[in-house]
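Only one structure is covered here, and it is reproduced in the block below.
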Amino acid sequence: QKEVEQDPGPLSVPEGAIVSLNCTYSNSAFQYFMWYRQYSRKGPELLMYTYSSGNKEDGRFTAQVDKSSKYISLFIRDSQPSDSATYLCAMVIQGAQKLVFGQGTRLTINP
Amino acid sequence: NAGVMQNPRHLVRRRGQEARLRCSPMKGHSHVYWYRQLPEEGLKFMVYLQKENIIDESGMPKERFSAEFPKEGPSILRIQQVVRGDSAAYFCASSPLDRDGEQFFGPGTRLTVL
């Protein structure tokens, strides 16, 4: 079993829809949770960084962490074609520095 | 403020040659990480370095791979005697001192082994 599970998709939704992306994890020692966006043949771009259970909002993006269920989510509101990319969840044990990534979900927003 | 810089962006090597990948962290960042992304797979941690020190190399293959971050100059990931299975995208990331997990990635070096 992988430490971090993420549905690779692909996921295709119409422009303006709310997108929900999810990851589950097995190691309760993970304390910090990140979402990265990666466009084709580019480096990952840090979108959200959270460390506590609950919600964190930044513009059209909301990151949600539920440590009791070992489940994290990223919501994208009013999705745009420019949001089409692969979204990677990542997490780290406090003090360890080594990011553990999910496989990534390929998202396409259709105009 | 320049981000993480990596060069070359693309590198082609024949089997048995050496590959050297370079990474300059963001200004003010003293921690450097290397990750590898194989086709259709997620990113896998390789090594974590600070200036002149390897902190965690638990993700590095035991042979042919080495990394350094000298006092002056960029971090180097070196792959000796490359094989076809080394073909991948190699990403470098850097972070400031006190933010666990907050890592900023470079554009990557795409290595192709013929």
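All values below come from the heavy atoms of this structure, side chains included, with hydrogens, waters and symmetry mates left out. All chains are named by letter (A, B, ...) in the order of the sequence lines, taking the proteins before the strands, and each is independently numbered beginning at 1.
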When you check the gap from the basic side-chain N to the acidic O, do [X] and [Y] get nearer than 4.0 Å?
X: R37(A); Y: E45(A); result: yes
X: R64(B); Y: D86(B); result: yes
X: E18(B); Y: R78(B); result: yes

Open item on the list: What's the separation between atom CD in Q6(B) and atom CZ in F105(B), rounded to the nearest 0.5 Å?
Closed with: 9.5 Å

With only heavy atoms counted, which part of [X] is less than 4.5 Å from chain B, the side chain, the backbone, both or neither?
X: Q31(A); answer: neither
X: L99(A); answer: both
X: R41(A); answer: both
X: F33(A); answer: neither

- [ ] Anything under 30° is parallel, anything over 60° is perpendicular, the rest tilted; go ahead and classify F104(B) against H29(B).
- [x] tilted

- [ ] Using the six-membered ring wherever Trp is involved, compare the ring planes of Y25(A) and F30(A) and label them parallel, tilted or perpendicular (cut-offs 30° and 60°).
- [x] perpendicular

Task: chain B contacts, top residue of Q94(A), M91(A), Q38(A) (heavy-atom pairs, under 4.5 Å) - done: Q38(A)

Task: Option that, when pairs with chain B are counted at under 4.5 Å, heavy atom only, ranks first among G104(A), P8(A), G43(A) - done: G43(A)

Open item on the list: Heavy-atom cut-off 4.5 Å, strictly under: side chain, backbone, both or neither for Q37(B) against chain A?
Closed with: side chain

